[in-house]
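In what follows, a structure is listed as structure tokens, so that the remarks can point back to it.
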Amino acid sequence: DAGGADTVISQPVGLLYAHTKDTLYFLDVAASAFKKVAAFTFDKHEGYVTDIALNKFGSLFAVTFGDLFQCNRETAKCIWLAELPQEFNGLTFIPEGIIDPTQEALVGIAGLGTWYHIQFGSGKVTLKAIGSYGGGWWSSGDAFSVVGVGTYATLKKCNGCDNFLAEVDPKTGKIIKVIGKTGNAQGLFGLAWWAGVFYGVSNDGNIYVLDVNTGDATQVKGITVPKDVQWWGAGVSTRAGG
């Protein structure tokens, strides 16, 4: 647990988190509302948070455009871990037995679609490129991998282009299937799964449900979001539930 940012707990954490460029929120399921946790703070290399990821024990990691951090999910205080080799806009854990045989693997996703395996050991953080989406596809903002559900990402071909939902290979990020365009929902910088539903959070401040068969996104009216937010990312653990 880097820098003591979070205490490892014995049971998986199922909370769904989302964030703006500078503030962390969580989904209060009982209230059907996103609640503010706190503004992110950094011990060094302060920046805007482009994405977050949680492991099965609830430890929260974050990337800015230039750096990797571990953050306390209750205070949003972040401890610097490493410099990034290029700008990342996606971050997710992959379940154990896929990239790493015994533990979950943290993957950072560069804007042009390259997947990096982020490894921790002997007080050192290393990042190794392990694949990419391919076919000229870029990361439009996020990916998730949940046990029993699969690994999915939002993609685009260029800046300002349409967003697409795709299923990808969790070992390399290579596209298995481009499912379809997300329709009117663009700027889907956060992607998450919760209790059988694919969610996207957009920089327009809205929450969307994505159709896993077509990719089409429908705005969610039943979840209250803070006023005037612009979502930059979202995260759930590999054991996300409801």
Side-chain angles (χ1 to χ4, degrees), residues 2 5 16-26 34 36-55 59-73 76-94 105-118 125 127 129 132-133 137-145 151-156 158-161 163 166 168 173 182 185-192 199-208 225-226 229-237:
L16 190 160
Y17 288 85
H19 64 91
T20 64
K21 65 184 181 182
D22 55 19
T23 304
L24 181 65
Y25 296 83
F26 76 97
F34 274 96
K36 180 179 177 179
V37 176
F40 290 106
T41 58
F42 306 89
D43 62 338
K44 61 179 179 179
H45 298 305
E46 182 175 349
Y48 292 145
V49 175
T50 60
D51 203 18
I52 59 173
L54 293 99
N55 67 15
S59 292
L60 177 68
F61 292 80
V63 284
T64 61
F65 285 115
D67 298 278
L68 170 72
F69 298 85
Q70 186 172 1
C71 306
N72 187 305
R73 66 178 183 274
K77 291 182 178 180
C78 300
I79 306 297
W80 184 85
L81 298 177
E83 185 177 349
L84 302 179
Q86 56 179 302
E87 289 187 357
F88 286 10
N89 66 3
L91 194 68
T92 186
F93 274 94
I94 304 297
L106 182 60
V107 167
I109 306 163
L112 293 180
T114 303
W115 275 36
Y116 286 85
H117 180 199
I118 301 170
V125 179
L127 293 90
S132 68
Y133 292 131
W137 289 98
W138 297 4
S139 169
S140 62
D142 209 359
F144 74 80
S145 189
T151 306
Y152 293 83
T154 48
L155 310 177
K156 61 184 179 181
C158 64
N159 286 327
C161 287
N163 289 182
V168 302
T182 59
Q186 302 299 311
L188 289 175
F189 295 161
L191 184 65
Y199 288 104
V201 298
S202 171
N203 65 347
D204 65 10
N206 292 315
I207 311 294
Y208 295 88
V225 298
V229 297
Q230 291 182 309
W231 297 118
W232 274 42
V236 292
S237 83

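Side chains included, hydrogens not; waters and symmetry mates left out as well; all remaining heavy atoms used. Counting begins at 1 with the first residue of the sequence.
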[X] to [Y] - nearest heavy-atom pair and separation:
X      : Y      : result
Val168 : Ala153 : CG1-CB, 4.3 Å
His117 : Ala105 : NE2-CB, 3.6 Å
Leu127 : Ala82  : CD1-CB, 4.4 Å
Trp115 : Ala143 : CZ2-CB, 4.5 Å

Can you name the side chain to side chain donor-acceptor pair (under 3.5 Å) partners of [X], sequence neighbours left out?
X      : value
Trp231 : none
Trp80  : Asp67
Tyr116 : Gln86
Asn89  : Ser139

field: By side chain to side chain contact (heavy atoms under 4.5 Å, CB included) - contacts of Ser132 (at least two apart)
entry: Thr114
- prompt: What pairs with Asp204 under side chain to side chain contact (heavy atoms under 4.5 Å, CB included), at least two apart in sequence or on another chain?
  reply: Ser202, Asn206, Tyr208
field: Validation row: Thr20, Gln230 side chains within 4.5 angstrom (heavy atoms)
entry: no
message: Any heavy-atom pair between the side chains of Leu81 and Phe69 that's under 4.5 Å?
response: no
message: With a 3.5 Å distance limit and no angle check, can you tell me whether Asp51 reaches the backbone of Leu91 through a side-chain donor-acceptor pair?
response: yes
